[in-house]
Asks: 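This is the structure, below, for whatever I ask next.
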Protein chains: 2
Amino acid sequence: MANIEHTDEIFRHFEKYIRLSDSLKNELTNRLVFKTFKKGEVIHKAANICKKSFFIQKGLMRTYFIKDGKEITEYFSAENEWINSPRSFMQQQLDIYNIDTLEQTECFCLNVNDLVFLFNHFPEMERYARLSMGTVFGHFLERITSMRFTTAKEKYQHFCETYHDIYHRIPLGMVSSYLGIAQETLSRIRAEK
Amino acid sequence: MANIEHTDEIFRHFEKYIRLSDSLKNELTNRLVFKTFKKGEVIHKAANICKKSFFIQKGLMRTYFIKDGKEITEYFSAENEWINSPRSFMQQQLDIYNIDTLEQTECFCLNVNDLVFLFNHFPEMERYARLSMGTVFGHFLERITSMRFTTAKEKYQHFCETYHDIYHRIPLGMVSSYLGIAQETLSRIRAEK
DNA sequence: CTTAATTTTTGACTTATATCAAAAAATCAT
DNA sequence: ATGATTTTTTGATATAAGTCAAAAATTAAG
């Protein structure tokens, strides 16, 4: 079993944006808690304030909310990405999002208090957060663009392109709610291809 | 004419997120250049790398791109908001966005080099950027949610709510492209109300 | 394995919204 | 002001995609 914790990957992720000093590496190592979840576990519930952020080393998670009794996927997160309920985690307030796993998932867990400590003692962590957020920001802009003026088919194609490593691992119903199209429509689109 | 520059507003904006030291205030004052644009001026063109960010003190701007020869509005920015071509400005690369003014607009202009200087010498500026970005991030999430599973009418209503201070100042065609609905449809929605 | 539960597909029908075209209204320029 | 642009509205029609319902396929459970 590859159930071994490697800070390698997460450090490499940080180093895409900042240089990691030895002391920061140390503090990170002390605070990052390695966890394994099995498929289908609910990691965060909307009823709670989000206290933890997860860096996915292996596996797949989704952020979703409930509308008219149905689960609507907001986005998917896979290897080398952080996942949390953004506003709930950053502002320590309630929000609508739940998080669960779509596969067995290995990740590092970082507590909000530990993150605050890191922000307060390592200015480069602020920079890291700003820059990595910028990356996500760009993806959001693209997504907003792709949602307007595109047919259901184009939406699905764009989805397969941006999520090409993981799109085949996700049940159809979750993809359709993510894209904002009916499950039946997505099924037909897939069939014709 | 109220064509007077006040750092009051922009400082208050910063202070929603961080405490401004006197030395940072000084550096900001030295670097922020007050500018006035008249209605319809193109402030940034997609053909160029974005070198400047504008903090709007009074007025209204829009970020848009060209698709099939038509202008598609990505978003609007009004009083007490920054506007730039995000990826172009932060990563100094080309992107698709143009920016122009919808009204006579008074703003502070900050050069990318000056911002880099501030980031390098004032860690609290990194924090400011991270936190304020978080706010915009939240708006984006809401917008993405509002675009899926909503009728054209609901989209328009949501728009009027979130942009309630400025929605009546914006031409219908720009609103429709922002919402991703046909101009004719939006006209009919407005009429029935 | 066999049955039960869940997810996906297929079919028939409906509807919201896009498109095309032209008239009306508003804004701009001389 | 007056004519010329530009923007918005109105009308007729087409179509992509939603909805409802049931069958097929897949996955989970005993």
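Within every chain, numbering begins at 1; the chains are lettered A, B, ... in the order of the sequence lines, protein sequences first and strands thereafter.
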Asks: Does Asp22(B) CG have over 12 foreign heavy atoms under 6.0 Å away?
Replies: no

Asks: Have a look at the helix from dC1(C)-dG30(D) to dT30(C)-dA1(D) and give the angle its two end axes make, five pairs each, rounded to 10 degrees.
Replies: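 The helix from dC1(C)-dG30(D) to dT30(C)-dA1(D) shows an end-to-end axis angle of 60°.
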
Asks: For nucleotides 4-23 of chain D, read 5' to 3', which letter fits each nucleotide if B means a protein heavy atom sits under 4.0 Å from the base, S means only the sugar-phosphate is that close, and - means neither?
Replies: ----BBBBB----SSBB---

Asks: Counting the benzene-type ring for Trp, do His13(B) and Tyr128(B) have ring centres under 6.0 Å apart?
Replies: yes

Asks: Decide if atom NE2 of His168(A) counts as having more than 12 heavy atoms of other residues, nucleotides or ligands within a radius under 6.0 Å.
Replies: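 Atom NE2 in His168(A) is packed in, count exceeds 12.
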
Asks: Decide whether Ile99(A) and Tyr64(A) are clustered together by the hydrophobic rule: side chain heavy atoms of Ile, Leu, Val, Met, Phe, Trp, Tyr closer than 4.5 Å, transitively.
Replies: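 No; Tyr64(A) is not reachable from Ile99(A) via cluster members.
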
Asks: Determine which pairs satisfy salt bridge (Lys or Arg N to Asp or Glu O under 4.0 Å) with at least one residue from residues 61-74 of chain B, sequence neighbours left out, and list them in order.
Replies: Arg148(A)-Glu74(B), Arg62(B)-Glu71(B), Arg62(B)-Asp100(B)

Asks: Rounding to an integer number of Å, can you tell me how far Asp68(B) CG sits from dA18(C) P?
Replies: 15 Å

Asks: Going by the angle between their ring planes, with limits at 30° and 60°, are Phe11(A) and Phe14(A) parallel, tilted or perpendicular?
Replies: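 Because their plane-to-plane angle lies in the 30° to 60° range, the rings of Phe11(A) and Phe14(A) count as tilted.
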
Asks: Please give, in whole Å, the distance from dT27(D) C1' to Arg169(A) CZ?
Replies: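 Value for this atom pair: 19 Å.
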
Asks: Using the ring-ring contact (aromatic ring centres under 6.0 Å, His included) definition, which of the options Phe89(B), Phe108(B), Trp82(B), Phe37(B) pairs with Phe54(B)?
Replies: Phe37(B)

Asks: Within this structure, what is the CD-to-C1' distance between Glu154(A) and dA18(C), rounded to whole angstrom?
Replies: 14 Å

Asks: Does the salt bridge (charged side-chain N to carboxylate O under 4.0 Å, His left out) test come out yes or no for Glu126(A) and Arg127(B), once each step is laid out?
Replies: CA-CA 6 Å; Glu126(A) 296 277 5; Arg127(B) 173 166 297 187; 2.5 Å; yes

